[in-house]
Amino acid sequence: MTEAQRHPKFTFHIEDLESPRHAIPASVLVNILQRAQHAFELIGAQIEGHEIKARARIPAAISERFQLVCEVPEPRSYALPVTVGETNDLFGLEQAHRAFDTFQAVTRAISGGDRSGILSLLPSVSIRRRILESIRNMAPNAEARWKLELLDESDKAFAALDSNSIRFLDETLVPAEQREAVQE
């Protein structure tokens, strides 16, 4: 089976900066997974052409098609492999790859501070805002004792979310006029 015939996989590599125990608090893991799941659902809505309004909910069918499936954590670190989409759903295979490609490109753009890249990847203002908020809430804050890297199937990092990412996302989410008005 070729890579294109399998659902995309990636890994959340979470490293505790203070302890070599290779363990993290459950609250950290749950938050990362919930926020990532929400980001994938929103990307799925964009792929399928759904417009998300302020209070609209993600349709259950989209949530199911773009679900993240967790695998057994890897030894020697806290690395949690996940698969995008249902592993037995061949119909959604192309969409799962599109969603992962978008997620990977968006998180890479965040890591690189590429605002124009984000705008071109996420043209819908309402979906873009929600995806960026979800990814922002996955990142560790400045006081956190852990860091988060996202690794592709070959274990190469494609993005790191950290306090710099939070700062960049805050600036991206809050228009310059509002930031300037608050500073005055």
Side-chain angles (χ1 to χ4, degrees), residues 3 6-45 57-58 62-88 96-97 99-114 117-118 121-122 127-174:
E3 187 176 318
R6 290 189 318 245
H7 282 263
K9 295 180 180 224
F10 69 102
T11 300
F12 293 104
H13 184 266
I14 308 157
E15 187 176 327
D16 188 329
L17 299 174
E18 295 178 1
S19 169
R21 289 184 358 185
H22 309 298
I24 59 163
S27 60
V28 169
L29 182 59
V30 167
N31 181 62
I32 290 169
L33 291 172
Q34 283 179 329
R35 300 304 180 162
Q37 179 61 58
H38 191 63
F40 269 92
E41 290 168 352
L42 291 163
I43 290 168
R57 293 178 48 98
I58 302 288
I62 289 177
S63 293
E64 187 174 316
R65 272 192 296 282
F66 295 94
Q67 70 180 315
L68 297 179
V69 180
C70 298
E71 298 177 15
V72 177
E74 295 176 2
R76 297 179 309 281
S77 67
Y78 203 91
L80 182 64
V82 294
T83 301
V84 180
E86 284 195 49
T87 55
N88 60 356
H97 279 281
F100 175 69
D101 291 346
T102 300
F103 179 78
Q104 186 177 37
V106 167
T107 54
R108 186 175 282 134
I110 290 167
S111 290
D114 181 7
I118 292 170
L121 289 162
L122 304 171
I127 290 177
R128 177 176 55 242
R129 178 168 199 73
R130 288 178 175 201
I131 290 171
L132 295 180
E133 287 171 349
S134 289
I135 293 171
R136 184 208 182 281
N137 289 321
M138 287 171 51
N141 61 31
E143 296 84 37
R145 306 174 329 162
W146 55 278
K147 69 177 185 175
L148 174 63
E149 284 185 314
L150 303 171
L151 311 176
D152 63 18
E153 269 193 277
S154 61
D155 284 338
K156 291 183 182 169
F158 61 84
L161 300 178
D162 55 22
S163 58
N164 292 331
S165 304
I166 290 176
R167 193 170 22 262
F168 170 75
L169 286 167
D170 286 345
E171 291 169 3
T172 302
L173 288 164
V174 178

Of all the heavy-atom pairs spanning [X] and [Y], show the shortest one and how long it is.
X      : Y      : value
Asp114 : Phe168 : N-CZ, 3.8 Å
Ala109 : Ile118 : CB-CG1, 3.7 Å
Ser163 : Ala142 : CB-CA, 4.0 Å
Ile166 : Arg136 : CG2-NH2, 3.2 Å
Phe158 : Gln104 : CD1-CG, 3.3 Å
Glu71  : Val82  : OE2-C, 4.4 Å

Roughly how far apart are [X] [atom1] and [Y] [atom2], rounded to 0.5 Å?
X      : Y      : atom1 : atom2 : answer
Ile32  : Ile135 : CD1   : CD1   : 12.5 Å
Ile131 : Glu41  : CD1   : CD    : 11.0 Å
Glu153 : Lys9   : CD    : NZ    : 6.5 Å
Arg108 : Asp152 : CZ    : CG    : 8.0 Å
Arg35  : Met138 : CZ    : CE    : 10.5 Å
Asn137 : Asn31  : CG    : CG    : 6.5 Å

Check whether any side-chain heavy atom of [X] sits under 4.5 Å from a side-chain heavy atom of [Y], and report yes or no.
X      : Y      : result
Leu68  : Phe10  : yes
Phe12  : Leu29  : no
Arg65  : Ile62  : yes
Val84  : Phe103 : no
Ile110 : Leu132 : yes

For the backbone of Arg6 and the side chain of His97, can you confirm whether one donor and one acceptor N or O come within less than 3.5 Å of each other? yes
With sequence neighbours left out, what residues match [X] under side-chain contact (heavy atoms from CB on, under 4.5 Å)?
X      : answer
Ala99  : Phe40, Ile43, Ile47, Phe66
Ala159 : Thr107, Ser111, Leu150
Leu121 : Ala105, Val106

- Between Glu133 and Arg129, is there a side-chain N and carboxylate O pair less than 4.0 Å apart? yes
